[in-house]
Amino acid sequence: MSDYQDILVSDADAGVITITLNRPEARNALRTNLLKEIAEVLDQVNTDNTINAVVITGGEKVFAAGADIKEMAELDAVGVMNDPRPTYWRRIAQFPKPIIAAVNGFALGGGCELMMHCDIVIAGDTAQFGQPEINLGIIPGAGGTQRLLRTVGKSMAMQLVLSGEFISAEQAREFGLVSEVTIPEMSYTRALKLAKTIARKPPIAARLAKESLLKAYETTLETGLNLERKAFTLLAATEDRNEGIAAFMEKRRPNFQGK
Ligand code: CAA
């Protein structure tokens with residue numbers, strides 16, 4: 001992968017790459033270029049059959065402090081309307097392979113929203129989550145109102161968005177924003193281990209599982225069940241499904257090829 005200004009991208013290891021947000025001087029504020037770089041990396045990974053999962057992480061004290069407020073201050077309503085950032089967010093949301101977030105420190109505003117674009121979140125126990133946009137006279141602008149409500153339910157979503165108060169990693173876990181809480185030193189290690197486990201799974205099944213699960217956010221049960229059935233049927237036509245079943249019968253480890 002080429003050099004980037006606002007992120008670090010690791011070499012692929014066991015089918016996983018790590019994207020590290022790298023603007024410590026601005027607390028990893030998500031300026032346009034940073035989002036563009038994430039979207040570009042994900043686009044490349046999308047067509048790279050050797051990479052099956054991605055980890056996104058930030059710094060020790062701040063995962064990401066949200067949209068870049070200084071950049072945002074330059075935009076009037078027409079500027080916001082023509083802002084390219086929503087297109088980068090959409091590319092991140094539509095990335096079909098699993099993304100695991102390792103979060104330490106503050107995940108605020110767009111930082112919390114970036115985390116909600118990830119499929120699994122592992123948080124260090126000192127992490128804090130919040131949508132403080134209300135303090136700036138705005139509201140979450142990268143899906144926060146929609147994804148929060150679907151994830152944590154109405155009362156907590158309202159509390160976070162209306163009060164701007166933060167919640168702890170443990171509260172975030174209770175409310176389903178985070179799946180596991182570790183000591184801060186272990187969050188990345190755990191996320192990477194999980195990503196490597198997922199990267200060893202048959203990739204077409206992982207992709208269709210992600211698509212089916214995410215569809216549940218936005219559709220009726222009947223439509224979701226139909227999508228799941230179609231994905232399930234499609235998988236019956238893959239070599240990996242035959243290999244997985246054969247390996248089980250023959251009491252050996254499967255050798256998935258992504259076919
Ligand atoms: N945008 C731009 N710059 C930011 C920033 C942000 N979101 N957050 C921090 N910075 C900058 C500060 O301006 C400061 O820069 P200078 O050194 O040039 O003054 C530098 O980063 C260090 O900041 P602090 O001194 O505040 O660092 P801290 O460690 O004491 O506090 C923090 C960390 C709690 C994250 C605090 O910086 C903070 O509250 N940041 C803003 C959080 C916020 O309001 N986020 C919502 C943004 S709006 C949004 O995200 C909209 C959306 O939905 C997409």
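For the single chain, residues carry numbers from 1 onward in sequence order. Remember, it's 1-based here, ligands and their atoms both numbered in the order they're listed. Below, each value reflects all heavy atoms present in this structure, side chains not excepted, and no hydrogens, waters or symmetry copies. Just so you know, these numbers come straight off a predicted model, no measurement behind them.
Polar contact check, Phe106 against ligand 1: no nitrogen or oxygen pair lies under 3.5 Å apart. Considering backbone and side-chain N/O of Ala65, one or more are found under 3.5 Å from N/O of ligand 1. Looking at Gln131 next to ligand 1, no N or O pair under 3.5 Å apart turns up.
The two residues Ile56 and Cys118 come nearest to each other via the heavy atoms CD1-SG, 4.3 Å. Closest approach of Ala123 and Ala169 over heavy atoms only: CB-CB, 4.2 Å. Across all their heavy atoms, Met116 and Gly144 have their closest contact at CE-CA, 4.1 Å. Of all heavy-atom pairs between Leu21 and Phe63, the closest is CD1-O, 3.4 Å.
Counting protein heavy atoms only, atom 1 (N) of ligand 1 is closest to Ile69 N, 2.8 Å. Closest to atom 39 (O) of ligand 1, if we only count protein heavy atoms, is Leu108 CD1, 4.2 Å.
The contact set between ligand 1 and Ala29, taken as ligand atoms under 4.0 Å from a residue heavy atom, comprises 1 (N), 2 (C), 6 (C), 7 (N). With ligand atoms numbered from 1 in the order given, ligand 1 contributes 52 (C), 53 (O) to contacts under 4.0 Å with heavy atoms of Gly141. When each atom of ligand 1 is checked for a heavy atom of Gly109 under 4.0 Å away, the hits are 50 (O). Taking every non-hydrogen atom of Pro140 and a distance limit under 4.0 Å, the qualifying atoms of ligand 1 come out as 53 (O).
Among Ala67, Gly66, Gly144, the residue whose heavy atom sits closest to atom 6 (C) of ligand 1 is Ala67. When the options Lys70, Arg85, Glu25, Arg31 are ranked by their closest heavy atom to atom 3 (N) of ligand 1, first place goes to Lys70. The residue among Glu71, Glu113, Arg27 with a heavy atom at the shortest distance from atom 9 (C) of ligand 1 is Arg27.
Distance remark: protein heavy atom not present below 4.0 angstrom from atom 36 (C) of ligand 1. For atom 29 (O) of ligand 1, a protein non-hydrogen atom is found at a distance below 4.0 Å. Closer than 4.0 Å to atom 17 (O) of ligand 1 lies none of the heavy atoms of the protein.
Proximity of Leu136 to Ile69: side-chain heavy atoms (C-beta onward) are separated by under 4.5 Å at one or more points.
Between the side chains of Asn255 and Gln257, a donor-acceptor pair is found at a separation under 3.5 Å. Side-chain contact, Asp48 with Gln44: no donor N or O sits under 3.5 Å from an acceptor N or O.
With a 4.0 Å cut-off on non-hydrogen atoms, Pro132 touches ligand 1 through its side chain and not its backbone. Here Leu136 has side-chain heavy atoms under 4.0 Å from ligand 1, and that is the only part of it that gets that close.
We find that Asp240 and Lys259 are not joined by a salt bridge, their nearest charged nitrogen and carboxylate oxygen being 4.0 Å or further apart.
Sorted by first and then second residue, the pairs that involve residues 62-73 and meet side chain to side chain donor-acceptor pair (under 3.5 Å), not counting sequence neighbours, are Arg23-Asp68, Thr32-Glu71.
Residues Ile19 and Val62 do not share a hydrophobic cluster, clusters being chains of Ile/Leu/Val/Met/Phe/Trp/Tyr side chains in contact below 4.5 Å.
To the nearest 0.5 Å, atom CZ of residue Phe106 and atom CD of residue Gln128 are 4.5 Å apart.
At least one heavy atom of Ala26 sits closer than 4.0 Å to an atom of ligand 1.
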